[in-house]
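Here's the structure we're looking at; comments come further down.
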Amino acid sequence: MDNQESKWVRAFTNIAFIKYWGKANEELMIPMNNSLSLTLDAFYTDTQVHFLTELKQDELYIDGELQDEKSLDKAKVILDLVREQAGIQDHARIESINHVPTAAGLASSASGLAALAGAASLAAGLDLSQTELSRLARRGSGSASRSIYGGFAEWQQGSNDLDSYALPIDDANWDIGMIFIIVDDKRKDISSTEGMRRVVESSPYYEGWVQSTAEDLKEIKVAIAERNFIRIGEIAESSAMKMHALNLSAQPPFNYWSPDSIIAMRKVEELRDSGYPVYFTMDAGPNVKLICKQSQMDEIYELLLKDYRSDQLVRAHPGPGMQVLAGEDLP
Ligand code: 2P0
């Protein structure tokens, strides 16, 4: 196939303030609850796709290195959907440049699969709406559905392929930011997919999670509309802790924490006790993300430098939605 349509697409990662943690339908990637995230500017993926007649199989290059079959699993779901919609048989070459430490619990799948949905659909000549892009990205990785948008986005769980997608909530163009505290950049033992499966099947608290998450969502949306930073932080921290409590209550129990994660959470609490409005959240990995006011970010960063090396700390601001790259942005 002609590859003239191929363009580089950039998508930024997002961190959930109300977590997605469980699927109602694994194949269609329908979640058990709505989730809400903030897209950030610090980590992103640039991707280009070519559909080529001469290829014998799909290929994925990350930072110039050909990846094994296993790494293609999620990408293939998106490629197959695009091929089906566009009536293409050709295999694809995906080139990605990842500006995210892979599998450090920093949600590389969100930016990676969102960028792929954008790049693959463009390469196939499909002109998808943002809702269609969110649905397509969702099929690769649930959290990717939210990375179509900048700022705060909510993934509405829906009940089928057509009505499960994210919508923008607020551009977050105000005083909020995040500092990533990277305590460990090693690959996680239990994938999100496996972790979610285990808690849905076995945690006796799962029903409580679903109910309380609906309440948290209602409340955080009011807090976002009011730009009530403290309430947003409190709800986000609580949602994260409830998600991790599900993991501790699963059979067999598991957790994503390292001793250094707990030290980092304590550090955030100490900062809070000393008067800074700061909160933490954690995902499917040991790293801790500190939610703070952008106006205090540099001051807090300096304080964290007493306990962490500068390469363990990444400052992030609200980021934009998915974009097609042009000019000097091209990789
Ligand atoms: C989230 N996480 O809302 C939650 C919180 C991690 C913890 O979505 O199985 O890569 O591909 O849908 O999206 C990370 O899991 O999982 C995630 P799949 P995904 O951000």
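Indexing begins at 1, ligand by ligand and atom by atom, following the structure's order.
Residue-level proximity to ligand 1 for Ser143 is carried by backbone and side chain together, each with a heavy atom below 4.0 angstrom. At a 4.0 Å heavy-atom cut-off, ligand 1 does not touch Met282 at all.
Ring centers of Tyr44 and His99: under 6.0 Å apart, within the cut-off. The aromatic ring centroids of Trp155 and Tyr20 lie less than 6.0 Å from each other.
Residue Ser35 places no N or O, backbone or side chain, under 3.5 Å from any N or O of ligand 1. For ligand 1, none of its N or O atoms has an N or O atom of Asn14 under 3.5 Å away. For the pair Lys19 and ligand 1, the shortest N or O to N or O distance does not fall below 3.5 Å. The distance criterion of under 3.5 Å between nitrogen or oxygen atoms is met by Gly142 with respect to ligand 1.
Of the possible polar contacts, one joining the Arg138 side chain to the Met29 backbone as a donor-acceptor pair under 3.5 Å is found. Between the side chain of Gln157 and the backbone N or O of Pro31 there is at least one donor-acceptor pair closer than 3.5 Å.
Residue-ligand proximity, Lys74 to ligand 1, at heavy-atom distances under 4.0 Å covers atoms 10 (O), 11 (O), 18 (P). Of all the atoms in ligand 1, the ones that sit under 4.0 Å from a non-hydrogen atom of Met196 are 15 (O), 16 (O). Below 4.0 Å from some heavy atom of Arg146 lie the following atoms of ligand 1, by number and element: 1 (C), 3 (O), 20 (O). Atoms of ligand 1 found under 4.0 Å from any heavy atom of Met243, numbered from 1 in the order shown, are 5 (C), 7 (C). Atoms of ligand 1 found under 4.0 Å from any heavy atom of Ser192, numbered from 1 in the order shown, are 14 (C), 15 (O), 16 (O). Atoms of ligand 1 found under 4.0 Å from any heavy atom of Asp283, numbered from 1 in the order shown, are 5 (C), 7 (C). For ligand 1, the atoms closer than 4.0 angstrom to any heavy atom of Ala16 are 1 (C), 3 (O), 20 (O). Atoms of ligand 1 lying under 4.0 Å from at least one heavy atom of Trp21, given by number and element, are 6 (C), 7 (C).
Note on Met196 and Leu248: separate hydrophobic clusters, where clusters join Ile, Leu, Val, Met, Phe, Trp and Tyr whose side-chain heavy atoms are under 4.5 Å apart, directly or indirectly. Hydrophobic clustering keeps Phe12 apart from Leu330 (ILVMFWY residues linked when any side-chain heavy atoms are closer than 4.5 Å, directly or through intermediates).
For the ligand labelled ligand 1, residue Arg138 lies outside the 4.0 Å heavy-atom shell.
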Problem - Verdict with reasoning, Trp21 to Asn247, per side-chain hydrogen bond (donor to acceptor under 3.5 Å, both in side chains) - result: CA-CA 10 Å; Trp21 203 239; Asn247 303 341; 2.8 Å; yes
Exercise for the section: Dump the intermediate steps for side-chain hydrogen bond (donor to acceptor under 3.5 Å, both in side chains) on Asn98 and Thr45, then the final yes or no. Expected result: CA-CA 5 Å; Asn98 224 356; Thr45 306; 2.8 Å; yes
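Figure legend: cation-pi geometry between Arg315 and Tyr301, with NZ or CZ positioned under 6.0 Å from the six-membered ring centre and within 45° of its axis.
Judged purely by distance below 3.5 Å, without hydrogens or angles, the side chains of Ser212 and Glu215 never pair a donor atom with an acceptor atom.
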